[in-house]
2 protein chains.
Amino acid sequence: MSDRAGGDAMDEILRQWARERPDLDCSPMGVIGRISQLQREVFLAQRATFARHGLDAPSFDVLAALRRAGEPYQLTPTALMRTALVTSGAITQRLDRLEERGLITRGRSDADGRAVVVTLTDAGRTALDTALPDHLETERDMLAGLTDDERDQLGALLRRWLVALGRVPGGIPDPS
Amino acid sequence: MSDRAGGDAMDEILRQWARERPDLDCSPMGVIGRISQLQREVFLAQRATFARHGLDAPSFDVLAALRRAGEPYQLTPTALMRTALVTSGAITQRLDRLEERGLITRGRSDADGRAVVVTLTDAGRTALDTALPDHLETERDMLAGLTDDERDQLGALLRRWLVALGRVPGGIPDPS
DNA sequence: GGGAGGTGCCTCAGCCCTAAGGTGACGCCT
DNA sequence: AGGCGTCACCTTAGGGCTGAGGCACCTCCC
């Protein structure tokens, strides 16, 4: 097939493009493609970790956002939508699942008749606080192949890239 | 809410964790979380590009794999499954869609009665070759906020990380 | 104070995926 | 020849998301 010793999947892809389309500069794929692949590895590793705690990524995402918010662990669906970067319909469904399991409760806001207030239950907080150290351990494991310097360098570059992309924190416009 | 000037979304999240769980070292999230966010930005930008050419990411993925393979632009579903990192069922459905649009054809292999040979049609090759420069332009745009040095550095770090993760190129085991 | 426009959440159809299982073909071994 | 384990691909049920649309409520301004 190819000498794959010491390379990753993108090396082979770039080699193929260089052969088939030598007229094109495909170097951007080197960065972008690897981001996609790494995200996939991260996703799979996280999913396995969450499963050990009876959770999945979307649920963890919501529970973590509520936990991060601090006492009294309350956010509106709109706020959750912004941090999770999914549509309002997705948040509704996530909350349905979490509510059914007793990990959150939904109540109407006193201040705004349209708004819903999502509250982390004790069970929800316990579930999250139990899973969190394991989650962090998984992330640390994934990074174990890099030196501390490399990790810092990588984090700084990714951060700079995100800032350059001009993503204002919180994004998805609700289709309403 | 917070001073978000000059930071990205992860800065705020890390700040919140530092406040709520000062006992935990959440620094791995800085790298992992940003990978996820960047992948999302990449995905959205690519989707918009593909849509301009009447394609979507899964279709482009398959067409590009066939195109990269070179003359006579043929691969088996199993090979496509490995490069796309999705299950066999997903490939079957992708091929159904592409076949219906006349961008690929399916034929049985002469050498192996079980195998299918997927071939890129002229229309498929044209579609891909038309979309490819635009696709690369999109990727270049996304990276425009980084200097050449930073891009190289980033690419090298991501590559090293993937190698360290020990991902053999081509992965998904078929559930058969 | 009443209407217009905006906001917050939900609903629903449709998409693409996974996971699990089925069918037919291959290949080795007796 | 026949049997057994494997392989290649397809099928199907179900999950989570998007995108579009609907309804109630809020806000602002005439």
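Sequence lines set the chain letters: A, B, ... in the order given, protein chains first and strands last, and positions in each chain run from 1.
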request  = Counting heavy atoms from C-beta on, name the nucleotide in D/dC25, C/dC10, C/dT18 closest to the side chain of A/Val116.
outcome  = C/dC10
message = As a test of reading the structure: which of D/dG16, D/dC10, C/dG8 is closest to the side chain of A/Ala115, going by heavy atoms?
response = C/dG8
request  = Please check if the side chain of B/Arg108 supplies one atom and the backbone of B/Gly113 the other of a donor-acceptor pair under 3.5 Å.
outcome  = yes
task = Check if the side chain of A/Thr78 and the base of C/dC9 share a donor-acceptor pair of N or O atoms closer than 3.5 Å.
result = no
inquiry  = Under 3.5 Å, is there any donor-acceptor pair linking the side chain of B/Arg114 to the base of C/dC26?
reply    = no
task = Grab the CG-P distance between A/Leu80 and C/dT7 for me, whole Å please.
result = 19 Å
ask   = Between A/Arg160 and B/Asp8, does at least one N-O distance fall below 4.0 Å, as a salt bridge requires?
value = no
inquiry  = Judged by each residue's nearest nucleotide on DNA chain C, which is more toward the 5′ side, B/Ala111 or A/Ile91?
reply    = A/Ile91
inquiry  = Looking at C/dA19, I'd like to know if its phosphate oxygens (OP1 or OP2) sit under 4.0 Å from a side-chain N or O belonging to A/Arg47.
reply    = yes
query = Which nucleotide in the set D/dT18, D/dG16, C/dT18 lies at the smallest distance from any side-chain heavy atom of B/Ala90?
reply = C/dT18
ask   = Between A/Phe60 (CZ) and D/dG16 (P), how many Å, whole number?
value = 17 Å
key: Any B/Arg94 side-chain N or O less than 4.0 Å from OP1/OP2 of C/dC17   = yes
remark   = Closest of D/dC10, C/dC9, C/dA25 to the A/Thr92 side chain is C/dC9
query = If you take atom types as modelled and just measure distance, does the side chain of A/Thr76 reach the base of C/dC9 with a donor-acceptor pair under 3.5 Å?
reply = no
Interatomic distance where CZ belongs to B/Arg108 and P belongs to D/dC10 [whole Å] = 7 Å
ask   = Taking atom P of D/dC17 as reference, at what distance in whole Å does atom CG of B/Leu44 sit?
value = 15 Å
inquiry  = Using heavy-atom distances to pick each residue's nearest nucleotide on DNA chain D, tell me which of A/Asp110 and A/Gln93 is more 5'.
reply    = A/Gln93
query = What integer distance in Å separates A/Asp56:CG from D/dC17:C1'?
reply = 13 Å
query = What is the distance from CG of B/Asp112 to C1' of D/dT6, rounded to the nearest Å?
reply = 12 Å
ask   = Between atom CE in B/Met81 and atom P in D/dC10, what is the gap in whole Å?
value = 12 Å
query = Hey, is the side chain of A/Arg106 poking within less than 4.0 Å of OP1 or OP2 on C/dG8, counting only N and O atoms?
reply = no
ask   = Between B/Thr138 (side chain) and B/Ala45 (backbone), is there a donor-acceptor pair under 3.5 Å?
value = no
Nearest-Å distance for atom pair CG/P, residues B/Leu95 and D/dA8 = 15 Å
Salt-bridge contact A/Arg97-A/Glu100 (side-chain N to carboxylate O under 4.0 Å) = no
message = Taking the basic N atoms (NZ, or NE/NH1/NH2) and the acidic carboxylate oxygens, is any pair closer than 4.0 Å for B/Asp96 and B/Arg106?
response = yes
